[in-house]
Amino acid sequence: TTEANTAMVEQVFSTPSRLHSLNPKRDAKLRRDCSIFDRLYRGSSPALSNIDADDDDENEDDDEDGIKMNDGADDERVYLEKDEVVFEHQQQRIHIHEFRCVDTNKLLKDRDFAFGPSDGKPRTREAHLERFGEWLEAATLRPLKKTDDFIVACGGLKWMPFFFRCAKTGIR
């Protein structure tokens, strides 16, 4: 129904998600992409002229451009410790083989995942976009505004120009 769709959009905008990874370097890149999105498209910082989304820095809190990562309340710290997935803010641990997408039942150990804005349950990137993605940017899962100029490609996913690149070469 229209009311249900409106409620879903309001939920996505009020509690934005971000992609996570249990690989620390990959997770740092995903966090950086969200920070870049917020700065470039939401004006939360002066224009960034030397941003390269391919930079993978050892220090995930700051980089050589002086860009601070977005450590907002939506950023549940999740990491792998031995055979357990640790949810730092929830002070919870589960065995790695139980850490699965609630929609597809796929293991999330080697996949990007996000927590649902309405239920907080983990989903693969694909399942999250299928369920909540009508107004989400595909690379970062950041909410899109109706006034945003985005590219629609790859099965109807919406991409901001900075993040739309060739999967093989990485060229924008």
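Position 1 is the first residue of the sequence; numbering continues from there.
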Problem set entry | Step-by-step side chain to side chain contact (heavy atoms under 4.5 Å, CB included) determination, R18 to T140 | CA-CA 6 Å; R18 83 159 180 92; T140 63; over 6 Å; no
Exercise. Checking side chain to side chain contact (heavy atoms under 4.5 Å, CB included) for the pair D38/R142: CA distance, chi angles, key distance, verdict?
Worked result: CA-CA 8 Å; D38 291 344; R142 294 317 234 196; 3.0 Å; yes
For this session: Report the C-alpha separation of R123 and F115 in whole Å, then their side-chain angles, then the decisive distance to 0.1 Å, and conclude whether the side chain to side chain contact (heavy atoms under 4.5 Å, CB included) test is met.
Result: CA-CA 6 Å; R123 291 178 173 80; F115 297 101; over 6 Å; no
Exercise. Under the side chain to side chain contact (heavy atoms under 4.5 Å, CB included) criterion, do L19 and R111 qualify, and how do the steps go?
Worked result: CA-CA 10 Å; L19 287 168; R111 300 175 186 274; over 6 Å; no
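With salt bridges taken as basic N to acidic carboxylate O contacts below 4.0 Å, none links D112 and K29.
Contact annotation: the side chain of F132 never approaches that of L141 to less than 4.5 Å [non-hydrogen atoms, C-beta and beyond]. Residues D103 and R131 meet the side-chain proximity criterion, which asks for heavy atoms closer than 4.5 Å. R100 is not listed as a side-chain neighbour of I94, based on a closest heavy-atom distance of 4.5 Å or more. Residues L80 and V85 meet the side-chain proximity criterion, which asks for heavy atoms closer than 4.5 Å. Proximity of L22 to L108: side-chain heavy atoms (C-beta onward) are nowhere separated by under 4.5 Å. Proximity of F113 to T124: side-chain heavy atoms (C-beta onward) are nowhere separated by under 4.5 Å. A 4.5 Å side-chain heavy-atom check between E81 and Y79 finds at least one atom pair inside the cut-off. When side chains are defined from C-beta on, H97 counts as touching L107, because their heavy atoms get closer than 4.5 Å.
The backbone N or O of I36 sits nowhere less than 3.5 Å from a side-chain atom of Y41 that would complete a donor-acceptor pair. Judged by distance alone, with hydrogens and angles left aside, the side-chain atoms of E137 form a donor-acceptor pair with the main-chain N or O of A139 at under 3.5 Å.
Nearest heavy atoms, A127 versus T104: CB-CG2, 4.2 Å.
By the side chain to side chain donor-acceptor pair (under 3.5 Å) test, E88 pairs with no residue at all, sequence neighbours left out.
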Name each donor-acceptor pair under 3.5 Å that joins a side chain in residues 147-161 to protein atoms two or more places apart or in another chain, with its distance.
| unit_1 | atom_1 | unit_2 | atom_2 | d |
| --- | --- | --- | --- | --- |
| D148 | OD1 | R42 | NH1 | 3.2 |
| D148 | OD2 | R42 | NH1 | 3.4 |
| D148 | OD2 | R42 | NH2 | 2.6 |
| D148 | OD2 | K145 | N | 2.8 |
| K158 | NZ | E134 | O | 2.7 |

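Remark: K109 NZ to N23 CG distance equals 11.0 Å, nearest 0.5 Å. Here CD of E126 is found 6.5 Å from NZ of K106. Values are rounded to the nearest 0.5 Å. Atom CZ of R39 and atom SG of C34 lie 11.0 Å apart (nearest 0.5 Å).
When the shell of 6.0 Å around CD of E84 is examined, it contains more than 12 heavy atoms from other residues, nucleotides or ligands.
Hydrophobic clustering of Ile, Leu, Val, Met, Phe, Trp and Tyr side chains at less than 4.5 Å, counting indirect connections, keeps V78 apart from V86.
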